[in-house]
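Since the structure comes first, as structure tokens, the remarks are kept for the end.
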Amino acid sequence: MTPRRTTAGAGTRTAIIGAGSWGTTFGKVLADGGAQVTMWARRPELAQEISEAKRNSKYLPGVNLPRTIAATHEIERALDGAEQIYLSVPSQTLRDNLKTFRALLTSTNAPIISLMKGVERSTGLRMSQVIEQELECDPMRVAVASGPNLALEIAREQPTAAVIASRSQETADAVARTARNHYFRSFVNTDVIGTEFGGVLKNLIAVAIGIVDGVGYGENTKASIITRGLVEMTDFAVANGARQETLQGLAGLGDLIATCQSPLSRNNTAGRLLGQGYGFQDVVKQMNQTAEGLASVTPILQLAHESDVHMPIVEQVKMVLDGRMDPRRIAPHLTTDDDTPQEERTNHGAADGGGALRRAFQRAFDQFRNGGRGAGGH
Ligand SMILES: NC(=O)c1ccc[n+]([C@@H]2O[C@H](COP(=O)([O-])OP(=O)(O)OC[C@H]3O[C@@H](n4cnc5c(N)ncnc54)[C@H](O)[C@@H]3O)[C@@H](O)[C@H]2O)c1
Ligand SMILES: O=P(O)(O)OC[C@H](O)CO
């Protein structure tokens, strides 16, 4: 059967800022769904390769890009007439990029969609918060995309799904109609916090799984860490304003499975190098692509401390990164945890002695104190 090449979003003019593995792959997803795609690449030679050869040989070797995809190193050309703008640069570079392109990004009302899965190291802010803060734009204009989305598999047109989250249902729906084709299906929700934290936190658990792999432990250890890791992710996200069910969806459990299972994952790969005994600096040197989890560990643990959430697996990742723990001691629980048997709590009700309830009141008080915005900025 000839796959359908167009969707309800056909003809939408889109711009993608960032021509790495995910920005290029997402450009293919959009173009295969019938959208007009213009990518911005920092390097002129990469823009030329994408535009003329329809290849991105550094990030997507062997993948033929759609004939309709265009690329430029001139940001004005990339953004000219764009009806949807997708951001896919390393999280730690987002704010500087927004400062550079601010005039162009604020001269349009086009939705801005974050494809990134990190938190800003210096502030702990999610990418949508950095966008809203730096552009001083309406949050209803901002969306995020996340889910089990290993770029190379998608670039090879292997079927998968993603979730598009925005505080505006209309914005989420419009983006989902465009980011859809015969091998890529976008679902929608309005839980931006949960969707973003799912993508950020799964990276940290994937680093832990990579460490386990590098050490040589097997499936029991990995399954225990993935299971307890999802509890940590959900505890943290719910404590910071997310809906629990979001972490059980594509942006949480779905992405956790994909990232923890795949050698394509850069976070998993970085963890494996750590487990094999490489130091943090050596790992960074060996990684020729972005492993967002390495920069997210510290700000996430800071936020966990502030929201009174215990994250033993992420704490161990930090200890291994800092060279304070032998990777072979990694486990689903902190070995320094007391010996009191712990209930295997997987839901997030009042089982923790009303902690969730207390946190909900605290969040409400924070919102009141911050003039109606949440503790995390909204
Ligand atoms: N690769 C995937 O499978 C995948 C899937 C989903 C989401 N993501 C997310 O996409 C985001 C982008 O990551 P990626 O996987 O494309 O990384 P990548 O390492 O493949 O590409 C990063 C791109 O950013 C460019 N870049 C580096 N520094 C820059 C700067 N200061 N300003 C502008 N551009 C700069 C690089 O030249 C490169 O083109 C990350 O947040 C990642 O978590 C990645
Ligand atoms: O390569 P990673 O670890 O950044 O994972 C890529 C995607 O986020 C998987 O969904």
Side-chain angles (χ1 to χ4, degrees), residues 16-29 39-47 49-50 56-61 63 71 73 75 78 86-101 113-121 126-128 130-131 144-156 158 160-164 179 184 195-210 213 249-273 284 287-296:
I16 298 189
I17 295 180
S21 47
W22 190 223
T24 309
T25 297
F26 214 87
K28 182 177 185 314
V29 167
M39 304 195 58
W40 174 77
R42 268 192 315 175
R43 293 180 291 115
E45 60 276 16
L46 176 55
E49 184 191 19
I50 293 171
N56 183 339
S57 47
K58 177 180 179 185
Y59 292 102
L60 298 174
V63 173
H73 71 286
I75 188 65
Y86 295 80
L87 306 180
S88 187
V89 295
S91 295
Q92 306 314 320
T93 75
L94 176 63
R95 193 177 291 272
D96 285 348
N97 278 292
L98 293 175
K99 288 182 190 298
T100 305
F101 308 142
I113 304 96
S114 165
L115 301 180
M116 300 162 285
K117 297 182 177 178
V119 288
E120 188 174 51
R121 190 181 1 230
R126 288 174 282 107
M127 295 297 100
S128 65
V130 175
I131 293 165
V144 302
S146 201
N149 295 162
L150 295 153
L152 194 55
E153 291 182 2
I154 297 172
R156 290 171 176 161
Q158 296 173 19
T160 189
V163 58
I164 309 296
F184 193 89
T195 300
E196 280 191 298
F197 274 139
V200 169
L201 298 167
K202 62 87 183 174
N203 285 337
L204 309 185
I205 307 305
V207 173
I209 292 298
D213 218 28
L250 290 164
L253 176 60
D255 205 356
L256 181 64
I257 292 170
T259 310
C260 289
Q261 303 274 56
S262 174
L264 290 175
S265 159
R266 286 77 51 87
N267 288 285
N268 194 320
T269 301
R272 193 174 321 113
L273 293 170
V284 172
M287 297 299 298
N288 58 18
Q289 287 192 21
T290 307
E292 291 279 15
L294 301 181
S296 300

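In each ligand, atom 1 is the first atom listed, and ligand 1 is the first ligand listed.
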Can you list the ligand 1 atoms lying under 4.0 Å from a non-hydrogen atom of [X]?
| X | value |
| --- | --- |
| Asn97 | 30 (C), 32 (N), 33 (C) |
| Leu115 | 7 (C), 8 (N), 9 (C), 10 (O) |
| Gly20 | 16 (O), 20 (O), 21 (O), 23 (C), 38 (C), 39 (O) |
| Lys117 | 6 (C), 7 (C), 41 (O), 43 (O) |

Taking both backbone and side-chain atoms of [X], is any N or O found less than 3.5 Å from an N or O belonging to ligand 2?
| X | answer |
| --- | --- |
| Ser265 | yes |
| Arg266 | yes |
| Pro148 | no |

Is ligand 1 under 4.0 Å from a heavy atom in the side chain of [X], in the backbone, in both, or in neither?
| X | value |
| --- | --- |
| Gln289 | both |
| Leu264 | neither |
| Thr290 | both |
| Ala19 | backbone |
| Arg42 | side chain |

- [ ] Would you tell me which option among Met39, Glu292, Met127, Met287 has the nearest heavy-atom contact to atom 41 (O) of ligand 1?
- [x]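 Ranked by closest heavy atom to atom 41 (O) of ligand 1, first place is Glu292.
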
Open item on the list: Tell me the nearest of Gly293, Ser88, Pro90, Ala41 to atom 24 (O) of ligand 1, using heavy-atom distances.
Closed with: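 Ranked by closest heavy atom to atom 24 (O) of ligand 1, first place is Pro90.
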
Task: Minimum-distance protein heavy atom relative to atom 7 (C) of ligand 1 - done: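 Answer, as residue, atom name and distance: Trp22 CD1, 3.1 Å.
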
Open item on the list: Tell me the protein heavy atom at minimum distance from atom 5 (C) of ligand 1, and give that distance in Å.
Closed with: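 In this structure, atom 5 (C) of ligand 1 has Asn149 O, 3.0 Å as its nearest protein heavy atom.
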
Using distance alone, determine whether [X] and ligand 1 share an N or O pair under 3.5 Å.
| X | result |
| --- | --- |
| Arg43 | no |
| Asn203 | no |
| Ala151 | yes |
| Trp40 | no |

Is [X] close enough to touch ligand 2? Criterion: a residue heavy atom under 4.0 Å from a ligand atom.
| X | value |
| --- | --- |
| Gln289 | no |
| Lys117 | yes |
| Gly147 | yes |

Task: Side chain, backbone, both or neither: Lys202 near ligand 2, heavy atoms under 4.0 Å - done: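 For Lys202, the contact with ligand 2 is made by the side chain alone.
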
Open item on the list: Can you tell me which portion of Asp255 lies within the under-4.0 Å heavy-atom range of ligand 2? Options are side chain, backbone, both, or neither.
Closed with: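 It is the side chain that touches ligand 2; the backbone stays farther off.
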
Open item on the list: Keeping Glu120 on the side-chain end and Gln92 on the backbone end, is there a donor-acceptor pair under 3.5 Å?
Closed with: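 No; zero donor-acceptor contacts below 3.5 Å.
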
Open item on the list: Keeping Glu196 on the side-chain end and Lys117 on the backbone end, is there a donor-acceptor pair under 3.5 Å?
Closed with: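 No; zero donor-acceptor contacts below 3.5 Å.
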
